[in-house]
Amino acid sequence: MSEIIRISEEELDRQRAWSDAFAALPHRPETYYIVTYGCQMNAHDSEKIAGILESMGMRPASERTQADFVLHNTCCIRDNAERKALGNVTWLKEVRRDRPGMLIGVCGCMVQQPGMAAKLLRQYPFIDLAFGTGNLYRLPELLFRAAESGKRVIDIPAEESTLAESLPIRRSSPFQAYVTIMYGCNNYCSYCIVPYVRGRERSRRSNDILREIEELQRGGVREIMLLGQNVNSYGSGSEEDISFASLLRMIGRTGIERIRFMTSHPKDLSDELIDEMAHNPHILRHFHLPVQSGSNRVLQAMNRRYTREKYLERLSALRAAMPDIGVTTDLIVAFPGETEAEFEDTLSLTEEAQFDSAFTFIYSPRAGTKAAQLPGAIMPEVATERIERLIALQEGITDRILAEQTGKRVNVLVTGHARREDDLLTGKCERNISVNFPGPDECIGSIVPVEITSAKKTTLRGKIIKEQTA
Ligand code: SAH
Ligand code: SF4
Ligand code: F3S
């Protein structure tokens, strides 16, 4: 097991010197474009990468075909994520025929898979720059070397569980912000590649987290999303004696208006956390609690370390403390050896749990994981049939829950205009459901009270509640 490496101030200073050296290079790349795949972790890493690139004097290009440096921040959670990234990288090779000098880069989880560095070297000779998830902070040095030498730079350390503070961040929203509280994962769910590509679980110091949040708040941020693969185990194994619930209590005291977090692992969902949520007015009423399967045999084979009964008990505890909480989940169908009866256990759990919504996935074998060795692969047509039945069931539940919101009063952080209905404003309510409603543009960036008037598929409709003035 690799140890956790805190990146020193001296190393970050060294990288700042590389940034300056890059900025002074004649004929250096001037513009960048980042293509991001995968989860919020990657989205936030891309914000850090953009921050670093801008500290090196680069500016964003409006389209990837126009950029001097195109970086793909990849995901490998399922086979299709990986194929999409590699397909787009290869497509760019063609674009470069008209734009010689364009630098093509890849980074992120896919790159960090065992054996991938060798594969990139052999099969993708047109990639100029590749780095892993643990050495992102070294981008100034790596990009300098690639730009100056014109040679490819592939720097993918086997497994690095690093923790770097104070990297520059170019945030994509002025009023919502991601804040990582922990990196990596130690859970080794048998199907999952994340522990192999993101390294050991490591928590940031609470002081560093609080300082970042206070700064965001001073800058006008209204809502933060705390990030980690398993936020419920925040603090375990760190030098501080601290739990996720106590971190939330401290964050609540900063006065930041709205707090969200993801993802939580059911095995670590404590009564202390439920109690903190119920009493902390800043924490919003949404809980993403991936269950994966409703069958105890499958849950055990997945190494999830809870049973269906335990999961449902935790769900009841959450709802007993917060009757208005919205719960969402992740579900996997067609895990190796999953029988029809075991799949039906997932259906019955979905029915019983009444999730606001669910992300549903067909199991995808990942090389190097335990489950990839298991016999009993499910035929693709059976897998498709199962996921369709599961989606149909969940859609009915989502429809009913959304219809029930009619007449309720919610608070929406207005983030912009609705994608399909440009004349309406949009934002998320406490339960993390999108709400569209008419209103003036001045509302963008503020939290407004809205009454729900109807539901449409996955979105709610509403109208702004005008406060009575005496
Ligand atoms: N850390 C989070 C989830 C990270 S991955 C957690 O533990 O819940 C997001 C989701 O992708 C998982 O919840 C799971 O449902 C799905 N997933 C992960 N590996 C997968 C695989 N090999 N095949 C299909 N789905 C997978
Ligand atoms: Fe993957 Fe499990 Fe870790 Fe989530 S908790 S990232 S599913 S190993
Ligand atoms: Fe996220 Fe994909 Fe990596 S889901 S942690 S970007 S493998």
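With Arg170 contributing its side chain and Lys48 its backbone, the two residues share no donor-acceptor pair below 3.5 Å. A donor-acceptor contact shorter than 3.5 Å links the side chain of Gln112 to the backbone of Thr133. When atom types are taken as modelled, the side chain of Thr162 and the backbone of Gly134 share a donor-acceptor pair closer than 3.5 angstrom. The backbone N or O of Thr74 sits nowhere less than 3.5 Å from a side-chain atom of His72 that would complete a donor-acceptor pair. At least one donor-acceptor pair under 3.5 Å links the side chain of Ser316 to the backbone N or O of Leu312. With hydrogens and angles ignored, the 3.5 Å screen pairs a side-chain donor or acceptor of Ser190 with a backbone N or O of Ala301. Distance alone, capped at 3.5 Å, is enough to place a donor-acceptor pair between the Arg366 side chain and the Cys76 backbone. Side chain of Asn186 to main chain of Glu201: a donor-acceptor pair is present (N/O by atom type, distance under 3.5 Å, no hydrogens or angles). Listed for the Thr346 side chain is a donor-acceptor partner under 3.5 Å among the backbone atoms of Gly294. Between the side chain of Glu309 and the backbone N or O of Asn296, no donor-acceptor pair lies under 3.5 Å.
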- request: Could you go through the salt bridge (Lys or Arg N to Asp or Glu O under 4.0 Å) check for Glu141 and Arg145 one step at a time?
  value: CA-CA 6 Å; Glu141 175 183 351; Arg145 284 181 15 216; 3.7 Å; yes
message: Assess the residue pair Lys457 and Glu395 against the criterion (salt bridge (Lys or Arg N to Asp or Glu O under 4.0 Å)); give the C-alpha distance rounded to whole Å, side-chain angles, the decisive distance to 0.1 Å, and a yes or no.
response: CA-CA 8 Å; Lys457 279 205 168 153; Glu395 275 178 359; over 6 Å; no
query: What do the steps show when you test Arg249 against Asp275 for salt bridge (Lys or Arg N to Asp or Glu O under 4.0 Å), and what is the final call?
result: CA-CA 11 Å; Arg249 201 168 313 132; Asp275 193 56; over 6 Å; no
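Under the ring pair (Phe, Tyr, Trp, His ring centres under 6.0 Å) rule, Phe261 has a single partner from Tyr178, Tyr234, Phe244, which is Phe244.
At a cut-off of 3.5 Å, with distance as the only test, no side-chain donor of His288 or Thr263 sits close to an acceptor on the other residue.
Atom CZ of residue Arg64 and atom CD1 of residue Ile104 lie 11.0 Å apart, to the nearest 0.5 angstrom. Taken to the nearest 0.5 Å, the CZ atom of Arg198 stands 11.5 Å off from the SG atom of Cys185.
Between Val382 and Phe343 there is no side-chain heavy-atom pair separated by less than 4.5 Å.
Geometrically, Arg78 engages Phe361 in a cation-pi contact, judged by NZ or CZ lying under 6.0 Å from the ring centre and within 45° of the ring axis.
A salt bridge does not link Arg205 with Glu240: every distance from a Lys NZ or Arg NE/NH1/NH2 to an Asp or Glu carboxylate oxygen is 4.0 Å or more. Ionic pairing of Asp324 and Arg285 is present here: one or more N-O contacts between side-chain nitrogen and carboxylate oxygen are shorter than 4.0 angstrom. By the 4.0 Å N-to-carboxylate-O rule, Glu385 lies close enough to Arg389 to be salt-bridged with it. A salt bridge is absent between Arg14 and Glu9: the closest approach of a Lys/Arg side-chain nitrogen to an acidic carboxylate oxygen does not fall below 4.0 angstrom. Under 4.0 Å is where a charged nitrogen must lie from a carboxylate oxygen, and between Asp79 and Arg83 at least one such pair does.
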